[in-house]
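Below is one structure, written out as structure tokens; the observations come after it.
Quick caveat, the model's predicted, so the values are computed rather than measured.
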Amino acid sequence: MTKDESKVRYECTRCGACCRWAGDVCIEDDEVSAIASFLGMSEIDYINEYCRLRANRKGLSIIDAPDGACIMLVDGACRINSVKPRQCRDFPNKWNFPGWRDLCKAREVICEDE
């Protein structure tokens, strides 16, 4: 069976490569609520401690750690994995960056016809 690109999906192995890529980790209003609650913080405290204005100034983004990785990447794992933003959940199947295959250890899965 030859690989049909439309049938290839990737499963996250939690390698953290995407968490170290520079750029905005965009979060939406409903995600702010979920993340703040998960961390046991008020929304305002979460925003003040862990968020910044996006580069395009059209919403919030999670701040970077001093090394440039996402601040939520702790000891190689996402501390908010169960409530991580949609942008993070969608990587690499709905969006990705040039060269991601060289960095990311996501597992390739072939989806069979139904």
Side-chain angles (χ1 to χ4, degrees):
M1 175 170 127
T2 60
K3 271 197 278 187
D4 176 350
E5 281 298 311
S6 66
K7 294 181 181 181
V8 175
R9 294 289 174 255
Y10 295 88
E11 290 179 353
C12 178
T13 61
R14 298 185 70 190
C15 71
C18 58
C19 306
R20 293 178 183 87
W21 191 260
D24 284 328
V25 177
C26 303
I27 53 174
E28 305 303 328
D29 292 343
D30 61 326
E31 296 169 330
V32 168
S33 300
I35 295 168
S37 177
F38 180 81
L39 294 173
M41 305 174 79
S42 71
E43 289 181 30
I44 250 337
D45 287 341
Y46 169 71
I47 290 168
N48 288 335
E49 189 168 340
Y50 293 111
C51 297
R52 64 177 169 79
L53 191 59
R54 287 185 202 161
N56 68 6
R57 305 180 73 76
K58 294 183 179 180
L60 295 175
S61 184
I62 296 175
I63 63 172
D64 296 333
D67 68 357
C70 176
I71 195 76
M72 294 297 156
L73 186 66
V74 178
D75 296 327
C78 177
R79 76 184 270 207
I80 60 169
N81 189 63
S82 64
V83 293
K84 65 187 174 186
R86 191 168 300 107
Q87 175 181 332
C88 302
R89 289 190 314 266
D90 288 349
F91 180 85
N93 292 304
K94 293 187 179 177
W95 77 273
N96 52 57
F97 50 82
W100 73 271
R101 283 185 178 99
D102 298 329
L103 301 171
C104 183
K105 294 179 179 32
R107 248 183 255 117
E108 189 176 283
V109 177
I110 307 297
C111 302
E112 299 297 327
D113 291 331
E114 301 196 38

Count I, L, V, M, F, W, Y as connected when their side-chain heavy atoms are under 4.5 Å apart, and connections chain through other members. Are Val83 and Phe91 then in the same cluster? no

Around Asn48, counting heavy atoms of other residues, nucleotides and ligands shown, do more than 12 lie under 6.0 Å from its CG? yes

Single-linkage hydrophobic cluster Leu60~Met72, side-chain heavy atoms < 4.5 angstrom: yes

Donor-acceptor contact present, side-chain Arg54 to main-chain Ile27, <3.5 Å: yes

A side-chain contact here means heavy atoms from C-beta on lying under 4.5 Å apart; do Tyr50 and Val32 qualify? no

Pro85 versus Ile80: any side-chain heavy-atom pair under 4.5 Å? yes

Please examine the side chains of Arg86 and Asp30, heavy atoms only from C-beta on, and report whether any two atoms are closer than 4.5 Å. yes

Are Lys58 and Asp24 ion-paired here, with the side-chain N under 4.0 Å from a carboxylate O? no

Can you tell me how far apart CG (Asp90) and NZ (Lys84) are? Round to the nearest 0.5 Å. 10.0 Å

Distance from Leu39 atom CG to Tyr46 atom OH, nearest 0.5 Å? 7.0 Å

Heavy-atom closest pair (Ala77 atom, Arg14 atom, distance to 0.1 Å) is CB-NH2, 4.1 Å

Could you tell me the separation between the CD1 atom of Ile71 and the CD atom of Glu49, rounded to the nearest 0.5 Å? 8.5 Å

Under a 3.5 Å distance rule, please check whether Arg20 uses its side chain to pair with a backbone N or O of Gly16 as donor and acceptor. yes

Would you say the side-chain atoms of Ser61 pair up with the backbone N or O of Leu53, donor to acceptor, closer than 3.5 Å? no

Flag yes if Leu73 and Ile62 sit in one hydrophobic cluster, no otherwise; membership is Ile, Leu, Val, Met, Phe, Trp, Tyr, and two members link when side-chain heavy atoms are under 4.5 Å apart. no

Approximate separation, where rounding is to 0.5 Å, of Gln87 CD and Cys18 SG: 9.0 Å

For the hydrophobic clusters of this structure (ILVMFWY residues joined by side-chain heavy atoms under 4.5 Å, transitively), does one cluster hold both Met41 and Ile63? yes

